Each structure stands twice: as C-alpha cells, then as structure tokens.
There are 2 protein chains.
Amino acid sequence: MGVNKAIQSIRIPQIVEAAVEIIAEKGIKEATLDAVAKKAGLSKGGLIHYFPTKKDLIEAAVKGFFARIFERGKEIRDNIDDPYEQLASFTWLYDRNDPDYFRGYRMFFEIMTIASADEEYRQIFHQWVNGWVELLKASIEKGVERGDFEVENPEEAAKTISAIYQGVASRWFLDPENHSDEWARETVRNLIKFIVSKK
Amino acid sequence: MGVNKAIQSIRIPQIVEAAVEIIAEKGIKEATLDAVAKKAGLSKGGLIHYFPTKKDLIEAAVKGFFARIFERGKEIRDNIDDPYEQLASFTWLYDRNDPDYFRGYRMFFEIMTIASADEEYRQIFHQWVNGWVELLKASIEKGVERGDFEVENPEEAAKTISAIYQGVASRWFLDPENHSDEWARETVRNLIKFIVSKK
DNA sequence: CGGTTTTTAAACTAATTGGTCGGTTTTTTG
DNA sequence: CAAAAAACCGACCAATTAGTTTAAAAACCG
C-alpha cells in the first residue's frame, strides 16, 4: 500500500536538481523553499512532502552534486590509459563552457564555507577529498608499477596533487582576469610532472 | 558642533573588529546588526550611526580584515633576507594556534563564496590576490638577481606559488584529520623549491 | 549654567521565510 | 468499486531581522 516508487524516482531527482540550481543562483541561505518548489514545478507543500526540512533538502542537493561530479571525473579518467594523463585528466574542471561550470563552482564554495564552521559538513568534505585522493593514488601506483614514476609515498603525492587542483581552481574561477584556462591547465600539468617524476 | 574625530577613531575599528568576530562566528548572512552592536558595546542605533547599512558594515569588515592579514604577511616576510625563505615565510598561515586562525579562515571562505557570485567582491578578491602575487614576485626577482633562482617568468611563478598556498590552506583547514601542519608546510616548501630551482 | 547639537537606546515597522495544517485530488489495493 | 493511503496545494503562523523613529542622555559651547 502506499508509496508510489515511480513518481518518487522522478520527483526526487527533479527537486534535487532544482535545489542545486537555486543554491548556485542565490546561495544556500537565500535559497528559499518557495523558489526551489517553483523551479521543480510543485508547491511548497509538495516539496515538504519529499523533504520535511530545508536541512534535508540541502543535504540531498550537496550529496547529489558531489556524487555527480565525482562520477564524471572517474569516468573521464577511466577512459585514459597513461597514468600521467590520468593524473592530468581532471583539467576538464578548468573549462568555462562546461554546463556545470557556474553551478559546480558555486556549490563548491558554498559547501566549503559551511564546512568551515559545521562538523557534519566537514565530514562530507572529508569524504569528498578522500574520494579524489584515492582516485589519484591509484593512478600514481599504476605509474610506479610501470616504472614511469618515482614516488616514495603515493598517498602523500595524491594529497598534494589534489590540493594543487583546488588551489588552481579557486584562482581560475574567482580571478579569471589573471588566470586563464591555459594557465590553469599548464600549471597543474607541470606540477604533477614534478611530483611523480624520477629524481 | 560636529563630528567628534577622537571617538570615531576608536568606535570604527571597534565596530569593525566586532563585525569580523561575529562574521567568523555565524557567517555573513547570519551576522545580525544586533549581535555586532552588542559585541562592539553599543546599541543598534549607535552602530547604524557609523554604518548606515549592513552592506557598508560588511564591506568595512572585509577590507579591514584583508588589510590586516596582508600587513602581517608583509611584515614577517620583510624580516627575512633569504629569497627562498621569504617565499616560504607565509607558512605562518598554517598554524592552528594563531589567534587569527579560526576567524581568518572563516572570513576567507565567506569572502570567496560571496565573490563567486558578486562582481564587486570579485574585484576585492582580485586585488587581494594581486597583492600577494606582487609580494611573491619581488622575492622571486630578488632570488634571480642573486643567482639563487632560475625563473623565466617571475609573475607566472608567483601566481603559481600563491595558488599552491591557497590549495594547501583549504585542505589543511577543512580536513585537518588528513592534513597536518607539517604536511602543509613541507608541501609548500617543496613545491616552491621546484618552481624557483635551476633546471 | 543654559541652551544647542550629537549620540545613544529601545521600541517599532515591514518584509521575509521555514514550517504547519486542513483540505483536495490522485493512486493503490483489497 | 470503495476505502485507505499518498501526493499535492496554498493559506496561515511565528520567528527573525534590516532599518526607522522617537525620546532621552551626553557632550559641547558661549
């Protein structure tokens, strides 16, 4: 009796998508339930039916967003064979024409800011970072096995590369005037090469 | 008649300081005028007398904060002679016991998030980045002159080092579980060494 | 001191918004 | 088909808060 799985499997992604959109537009605090409901094509009452509180809604949006970006990264990497090119494959993040460009960075900054003061979100961020580090580590280990790389501690190297991606991303997004796509991509590629290269 | 300069020169820094404190605590959106007024030791009416709108108050807090951190960085660097040590001197940012530790990072994330959607704040961020890049560039040029470094384009190198500082800082602050002070400092030092070293 | 101006406090206003609630429509199920 | 459950709606409530107003207090000056 009861739950209509078919409609839920449509409504929930629909609402989450709308929430991501509104958050990117206005920020988390200013993202109102009315706005999300409207964007998702239902009423506030309807929205509340699926996500009883704003907190639930935001959490779903954050996690859904993270999962999607992570999947994209993984897929792109998995289509590449060369370990160095795998490590450099995340430069798709530095593309101002990507459909996720604005939404993605806005979400990311919002989440970081919340995480800077909220333990629960810090955990979510921690898991996100861990995911990327694992991905990078696997490529480094592959390169070491092949004899292409020389890396003492793949985990440390992966953390460093991941942090570089983030630092370059912040500058590239927030100060486009001085940080071109080229700059972002070349900077990351050079630093990765240094980190994994034979001494 | 008229403006009492003496009291203004006390009140304004007092209010700005209180605003930074409250923003770090609650975030910009949740920083209420009442809370700032209370922390600064006057009433909301008094606060409004000095800063007619919340926007004015926040802007003063942001600029005041940026100026203070920048001054600290400059002063520490200027007490060092060796160009490489100058470049590495900003690792004081990776100190969890620093009195500005929590406030500083919180402010920084808040500002970045606003800048990600607001042209005016993007300009402020741009100037901030420029300031650091200039500082770093000067040290690089000094090293090149001395014959310690080999750098084709000091400006580019400075931008890269600056971005690395930021990426490492984000990870170090948001995911302390996996990113120790040691890690942050050593990572930055190694990467700087690579960037300026003779090939 | 007396009067004038500046500064402060606190009550108030208007707008926003998360969440509630009573009810209606739609779907499922026995 | 009927009854029960789920999905959905939108008016309403209560809390919050930026900014205004008003009146008292403090500072200043001749």
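What you are looking at is a predicted structure, and each value in this text was computed from that prediction instead of being measured. Chain identifiers are assigned alphabetically (A, B, ...) following the order of the sequence lines, protein sequences preceding nucleic acid strands; residue numbering begins at 1 within each chain.
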Task: B/Phe108 and B/Trp128 aromatic ring geometry - parallel, tilted or perpendicular at 30°/60° bounds - done: tilted
Open item on the list: On the nucleotide C/dT8, are OP1 or OP2 found under 4.0 Å from the side-chain N or O atoms that B/Ser43 carries?
Closed with: no
Task: Base partner of C/dT8, which must satisfy Watson-Crick or wobble distances under 3.5 Å - done: D/dA23
Open item on the list: Rounded to whole Å, how long is the line connecting atom NZ of A/Lys38 with atom C1' of D/dC9?
Closed with: 16 Å
Open item on the list: Whether B/Glu155 and B/Lys159 form a salt bridge (side-chain N of Lys/Arg under 4.0 Å from carboxylate O of Asp/Glu) is what I want to check.
Closed with: no
- [ ] By nearest nucleotide on DNA chain C, pick out whichever of A/Thr32 and A/Ile48 is the more 5' one.
- [x] A/Thr32
Task: Six-ring centre of B/Phe173, A/Arg122 cation under 6.0 angstrom, axis tolerance 45° - done: yes
- [ ] Using whole Å, report how far NZ of A/Lys55 lies from C1' of C/dT17.
- [x] 19 Å
Open item on the list: For A/Tyr165 together with A/Trp132, are the ring centres under 6.0 Å from each other?
Closed with: no
TODO: Would you kindly check whether a donor in the side chain of B/Lys44 faces an acceptor in the base of C/dA10, or vice versa, at under 3.5 angstrom?
DONE: no
Open item on the list: Only pairs with both distances under 3.5 Å count, Watson-Crick or wobble alike; so what is the partner of C/dA14 in this structure?
Closed with: D/dT17
Open item on the list: Distance check needed: D/dC9 P versus A/Arg11 CZ, whole Å only.
Closed with: 7 Å
TODO: Would you classify A/Ala37 as touching base, sugar-phosphate or nothing, given that sugar-phosphate means primed atoms plus P, OP1 and OP2, and contacts are heavy atoms under 4.0 Å?
DONE: nothing
Task: Between C1' of C/dG19 and CG of A/Leu57, the distance in whole Å - done: 13 Å
- [ ] Ignoring backbone atoms, establish whether B/His49 has a side-chain N or O less than 4.0 Å from OP1 or OP2 of C/dT7.
- [x] yes
TODO: Identify which nucleotide among C/dA9, D/dC8, D/dA18 has an atom closest to any side-chain atom of B/Lys54, counting heavy atoms from C-beta outward.
DONE: D/dA18
Task: Per B/Leu33 side chain, nearest of listed nucleotides C/dA9, D/dA18, C/dG18 - done: D/dA18
TODO: Give one of base, sugar-phosphate or nothing for A/Leu47, where a contact means two heavy atoms less than 4.0 Å apart.
DONE: nothing
TODO: May I have the distance from A/Phe51 (atom CZ) to C/dG18 (atom P), rounded to whole angstrom?
DONE: 15 Å
TODO: Could you state whether B/Tyr101 and B/Met107 fall into the same hydrophobic cluster, counting links through intermediate Ile, Leu, Val, Met, Phe, Trp or Tyr residues with side-chain heavy atoms under 4.5 angstrom apart?
DONE: yes
- [ ] Give the nucleotide from the list D/dA18, C/dT7, D/dC8 with an atom nearest to the side chain of A/Tyr50.
- [x] D/dC8
- [ ] Measure the distance from CD1 on A/Ile10 to P on D/dA7 and round it to the nearest whole Å.
- [x] 13 Å
- [ ] Find which nucleotide of DNA chain D each of A/Leu42 and A/Lys29 is nearest to by heavy atoms, and output the residue with the more 5' nucleotide.
- [x] A/Leu42
